[in-house]
Novice: 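I'd like to ask some things about the structure below.
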2 protein chains.
Amino acid sequence: MSSISMSKGLEVSVLNQGFEVHFNGVLFLQHTTEHPAFYVGYGEESIDMYRGNFNIKDYVSERVALRYTQVQEENGEYRIDFRGHEQGERVLSLQVKVESERLKLEYTKHDTKTNRFWVRIAADPTEKVYGCGEQLSHFNMRGKNFPLWTSEPGVGRNKNSYITWQADVKDKAGGDYYNTNFPQPTYVSTQKYYCHTETTAYADFDFRNDSFHELQVWEVPQYMLFETAETYLGLVEKITALFGRQPELPDWVYNGVILGIQGGTHVVEEKLAKAEEKGIKVAGVWCQDWQGKRITSFGKRLMWNWAWNPQEYPELDTKIPEWKSKGVRFLGYINPYVAVEGELYKEAEQKGYLARNQEGGTYLVDFGEFYCGVVDFTNEQATEWYKQVIKDNMIDFGLDGWMADFGEYLPTDVVLSDGSDPKLMHNAWPTMWAKTNYDAVSEAGKLGEIVYFMRAGYTGVQKYSTMLWGGDQSVDWSLDDGLASVIPAALSSGMIGCGLHHSDIGGYTSLHGNKRSKELLMRWADMGAFTPMMRTHEANRPDDCFQYDGDEETLEHFARMSNIFVTIAPYTKSLVKENAKRGIPVQRPLFMHYENDPKTYDIQYQYLFGKDMLVAPVHQEAQTEWELYLPEDEWIHLWTGKEYRGGTVTVAAPIGQPPVFYRKDSMWKDLFQTVGQL
Amino acid sequence: MSSISMSKGLEVSVLNQGFEVHFNGVLFLQHTTEHPAFYVGYGEESIDMYRGNFNIKDYVSERVALRYTQVQEENGEYRIDFRGHEQGERVLSLQVKVESERLKLEYTKHDTKTNRFWVRIAADPTEKVYGCGEQLSHFNMRGKNFPLWTSEPGVGRNKNSYITWQADVKDKAGGDYYNTNFPQPTYVSTQKYYCHTETTAYADFDFRNDSFHELQVWEVPQYMLFETAETYLGLVEKITALFGRQPELPDWVYNGVILGIQGGTHVVEEKLAKAEEKGIKVAGVWCQDWQGKRITSFGKRLMWNWAWNPQEYPELDTKIPEWKSKGVRFLGYINPYVAVEGELYKEAEQKGYLARNQEGGTYLVDFGEFYCGVVDFTNEQATEWYKQVIKDNMIDFGLDGWMADFGEYLPTDVVLSDGSDPKLMHNAWPTMWAKTNYDAVSEAGKLGEIVYFMRAGYTGVQKYSTMLWGGDQSVDWSLDDGLASVIPAALSSGMIGCGLHHSDIGGYTSLHGNKRSKELLMRWADMGAFTPMMRTHEANRPDDCFQYDGDEETLEHFARMSNIFVTIAPYTKSLVKENAKRGIPVQRPLFMHYENDPKTYDIQYQYLFGKDMLVAPVHQEAQTEWELYLPEDEWIHLWTGKEYRGGTVTVAAPIGQPPVFYRKDSMWKDLFQTVGQL
């Protein structure tokens, strides 16, 4: 082995039959003719979308190992040319350099046919990996492969569950462990580095092998970035320096729960009165149907014409300031599609702002018994127009927030205004949608006052999304699609720079006989109090689902948990500030602060709520106590004040007293004690 | 294009950038650098077996198009050398020649790493293909791919069915459309040729493309054969000339139904008396449990020690000749495994006749709550020994037939006596098992007197299997796993040379709440009368399944249908003879005699019973009439004598009068009229 040189932490060694790339002491590439690290090829994919669920198949007719390499150095950068055959033309070139303290691998392909790319990043058998967007089933992704394509996350998400099977058979909607609204080709390794691949193409990251991670991309990606750090805190700081950081949440968010209410002005007034009467602390009301609704077989659906619907919400224009003066904000709903029946659709179609089909007409997407046009964000004028819709109809109307839903449905056979390939724009769409919201809010001077929350995401959404929510969980206890699943979702998205996460309290999807129980709703509220935002959802079929005002006991429970949320807010707010400043997520995996404890690396149903608090939500039915793991430290059980030093412990876990611990030497100890006495 | 030469129907043309191979006017290979027909590569498979159900995954790390070719001619043969790269070494050679009027493509690989092979056989978009062993879901295979690996066929075999889902979740046993006990890499095309690939490796034949069939094999196969004919009759004649033909069935088979009975000598006597009393014509009794049984959660299972069990069947040694003298034969059961509890296991283990595990011990296969050793047919002495077991314990004991069950379970991590690769022996096993039976019967001079029936198969089983049965259908009306499924099974296996087929009357698998109804049993008997052998099965859970002696009406029905079977036997026998002589199957697709009628090519739930009879079994519940298709001819409805000239017709279809038609000018007309009056 002869090392060519070393500069800025980069070491490229030429081996007898290949090369190695180390950066800051970490081996990233190891390539020999016997064990090549690079492959290119040609595939023909078939992509079928049914209501946001994708059936994607690939038929790879060629996959060539790029065995033969030539390494050249110039000014501390390296160019490596790859050939599939010793005497052949070079097929791929790789520029290896250090830029802004990041290892950068820049790719150039030299033939036009290649549309598949595989790279094997050197790995250690014991290494674990996290991230790849918002992963709902597996926080540590080692041992599985993860297709990265924004889509519906699936109903059930486990082929062994009856719900999943029913959803698959009836709606092709069951999903699997890897389906997510928010994928991203970025992961963090326990080798203390992150790896980001710059591409929006379909990708599939395979973490099943002992000695390498094989990253597959359906194009030769532009470049890959690697950065190392001494600690995981350092890593997320660097990741968010790359992707951007989220603003702080508005102060009003900490005033209580945001109640998901539908049904019109009168219903809101009634429910607010009731909440006040029962002592529920309310920060806002979130009325999805502020712009009207429709009934489908799926449940209540919205009108998808993004403007106040005075029939549904009479006097809303005057009610919003009135409620606001009482400390209750009004939140609405929007997504990047416009329903054919609405005025916005007519306007957009007339102006040519909607994506087209192959025949030149407006592309209509089936959203389940109704059809919509797709606002074409590749058309600057269309984006400007939609931004103006948000400004005029929502911000100026007085909304203080909204669900910025969807973003995952860009069909791959759509014709876009700028001629770009929809297969490459599909994954890019969520970030474009986020940016449209961000720009509207930002240009209105309301950043930090308005909060919109998104489920879809992709690279770059970090900066443009003021808050994530976990998407549409099933109203059940299932690990893959119920209460538990939002914990790995928060942890994984936090690892790649989205440090603000919350979920529909009680879950959303009630289908195939699945109905929300009172117990599930209460346990979910238990958890919600220890996240940066509390918000309820009526679910898709409210009549089948227990509601926060379903009985006295539940009302009292929401009074209690919203009070806890408000009381602990100074601490929460400090965490949100840390996220805005340094990109350190509010909900953190245990290993982020206890990296020497090997047990912490596979815990995905507990989290640190900041450095000083550990939360282990009860995610199973009918529990009176709960077993959890505490890394070695001085922990105080929030409700009993009992001290623990670490290890596997079992605590009483009645509803309303979720298993929560704080560090004895925390500067927030007094506040925590106050909370514990509530 | 410059044609090199033409000899014996073979034309190899060298194109500007490739070549074409025609044989007897049919284009088989079209290869250019732009559209190569040959690919080789390297894959790492994972094969998990659970009770005969395989989870097979492949990870192909290299797949190289063999673009560059060189064609050389010598004495009317052609050698084509393939290179993956213009300047590269040759990777594969192909010898193209005509041998015994067959086009033969002989392959030689020149590197050791290659373990994947793909060839694209030229196709026409409208072409249809049949065969590939015994296919239960799709007779015409165009539009799908067919993995070829002998295995359990699956319970339900349709991912949309509840039974399949339950079977998958509980036992990994649901299966899919392609799972079969009897795969074979041989197909027949409507281009009027057959194509056979000589290999026992895992294969996957992909008929989804318009302009080619892509045949994948997990080795470079030894050779491929193609033969053309003017007619489909000519094709099956040629196929069976290649693979061998089956002997005729013993005469006693036509004497009536073979009753599947379990429970011991006394039960047999009682049931025979009852059958006689009710006028059921009985050719034999088939007692699986002649060698003992056990009870598992699956249902009644057998003891798997292949010798008379006098506790279970007292006096069987004297009863067999007694029953035989009354015209009732006794049939038993055997398979190629020996249960650990039995004497045969002890003997085999002592003598070293059982396949070994990696640690050198005896490999035990889980058959569902009990374990067995695998008789190692690669060990000549073991095969001899097992043949002797069949001779001594079965033939000499007086058995006139048996179910020669299983053959699909050879694990791929077993260690075989001759050192051969179990991944290559897995598919070979059914034929070795068949040959063991064949040799035993043949050496005992009993060919044509004894009938053993098999479910497993592979290339070459044609010659060695005296009869197929359709395997373990579910006791239901499902297309993929119920009554209907045995029709494409008979047709597809018939296309590649197994012209004798029958099925368990009533089906076999009763699981997950699925129970056999009286109606299903009766409809199945309706069909059974128009196959070469009638045999009932109690099913795995007899108490959950309606039986032939379940009530008076059913007993009468079996009397009627067995009488029909016996009456029509002279005709059936002539068909069986034709199969023995020319390889023309007893049950034939409609296009075999009506090849100019395009509608006949996609009919898979009707069949011609010989040239002169058309059968359209009622395979749905609660039908009083039945719609079917008649190709243009003069047809007489068997039961009413009404004449039809072809087209889609609907006839009354009460139980006991299945939709059956005969040709008006048949030489068997009088016999058919007699049957019609029964």
Side-chain angles (χ1 to χ4, degrees), chain A residues 33-44 46 55 57-68 83-91 111 113-114 116 118-120 144-145 156 158-172 174 204 206 208-210 212 214 216 512, chain B residues 33-44 46 55 57-68 83-91 111 113-114 116 118-120 144-145 156 158-172 174 204 206 208-210 212 214 216 512:
Chain A
T33 51
E34 187 68 16
H35 297 290
F38 291 86
Y39 299 78
V40 293
Y42 178 74
E44 290 171 73
S46 77
N55 181 9
K57 286 180 184 152
D58 195 18
Y59 180 60
V60 175
S61 57
E62 294 182 61
R63 178 176 157 139
V64 177
L66 300 180
R67 293 207 150 73
Y68 304 96
R83 289 169 169 75
H85 197 273
E86 210 155 357
Q87 282 81 35
E89 295 285 306
R90 62 181 186 165
V91 178
D111 70 301
K113 207 188 171 197
T114 293
R116 297 289 181 271
W118 297 262
V119 59
R120 294 179 168 184
K144 293 210 168 278
N145 67 308
N158 182 326
K159 299 304 182 199
N160 286 334
S161 85
Y162 178 77
I163 295 276
T164 308
W165 178 68
Q166 281 283 289
D168 274 339
V169 169
K170 295 185 180 165
D171 307 311
K172 303 180 182 181
D204 190 344
D206 187 344
R208 288 176 294 187
N209 295 287
D210 270 358
F212 56 84
E214 186 169 279
Q216 178 188 171
H512 316 302
Chain B
T33 52
E34 187 68 15
H35 297 290
F38 291 86
Y39 299 79
V40 293
Y42 178 73
E44 290 170 72
S46 77
N55 181 8
K57 285 181 184 153
D58 194 20
Y59 179 59
V60 175
S61 58
E62 294 182 60
R63 176 175 158 141
V64 177
L66 299 180
R67 292 208 151 73
Y68 304 97
R83 289 168 168 77
H85 197 275
E86 211 156 356
Q87 282 82 34
E89 296 285 306
R90 63 180 185 165
V91 178
D111 70 297
K113 208 188 171 197
T114 292
R116 297 289 181 271
W118 297 262
V119 58
R120 294 179 169 184
K144 294 212 169 276
N145 67 309
N158 181 326
K159 299 303 183 201
N160 285 334
S161 85
Y162 178 77
I163 295 277
T164 308
W165 178 68
Q166 281 283 290
D168 274 339
V169 169
K170 295 186 182 165
D171 308 310
K172 304 181 182 179
D204 189 343
D206 187 345
R208 287 176 296 186
N209 294 287
D210 269 358
F212 57 84
E214 187 170 279
Q216 178 188 170
H512 316 302

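Values reported hereafter were calculated over all heavy atoms of this structure, with side chains retained and with hydrogens, waters and symmetry mates removed. By convention in this document, chain letters (A, B, ...) are assigned in the order of the sequence lines, proteins followed by strands, and residues within each chain are numbered from 1.
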Novice: Show the atom names and distances, to 0.1 Å, of all donor-acceptor pairs under 3.5 Å that link a side chain in residues 83-90 of chain A to residues at least two apart or in another chain.
Specialist:
unit_1: A/R83; atom_1: NE; unit_2: A/G88; atom_2: O; d: 3.0
unit_1: A/H85; atom_1: ND1; unit_2: A/Q87; atom_2: N; d: 3.4
unit_1: A/R90; atom_1: NH1; unit_2: A/D81; atom_2: OD1; d: 3.4

Novice: Measure from the side-chain N and O atoms of A/R116 to the backbone N and O of A/G41, and report whether any donor-acceptor pair falls under 3.5 Å.
Specialist: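 Side chain of A/R116 to backbone of A/G41: no pair is present.
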Novice: Could you name the residues of residues 158-167 of chain B that have a heavy atom within less than 4.5 Å of a heavy atom in chain A?
Specialist: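 Near chain A, by residue number: B/K159, B/N160, B/S161, B/Y162, B/W165.
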Novice: With sequence neighbours left out, what residues match B/K113 under side-chain hydrogen bond (donor to acceptor under 3.5 Å, both in side chains)?
Specialist: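 B/K113 satisfies side-chain hydrogen bond (donor to acceptor under 3.5 Å, both in side chains) with B/E62 once adjacent residues are dropped.
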Novice: Under the rule for ring pair (Phe, Tyr, Trp, His ring centres under 6.0 Å), what residues qualify as partners of B/F38, not counting sequence neighbours?
Specialist: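 Residues passing ring pair (Phe, Tyr, Trp, His ring centres under 6.0 Å) with B/F38: B/F82.
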Novice: Please step through side chain to side chain contact (heavy atoms under 4.5 Å, CB included) for the pair A/R120 and B/S61, ending with a clear verdict.
Specialist: CA-CA 11 Å; A/R120 294 179 168 184; B/S61 58; 3.8 Å; yes
Novice: Examine distances only and state if a side-chain atom of A/D206 and a backbone atom of A/E214 form a donor-acceptor pair shorter than 3.5 Å.
Specialist: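 Between the backbone of A/E214 and the side chain of A/D206 there is no qualifying donor-acceptor contact (under 3.5 Å).
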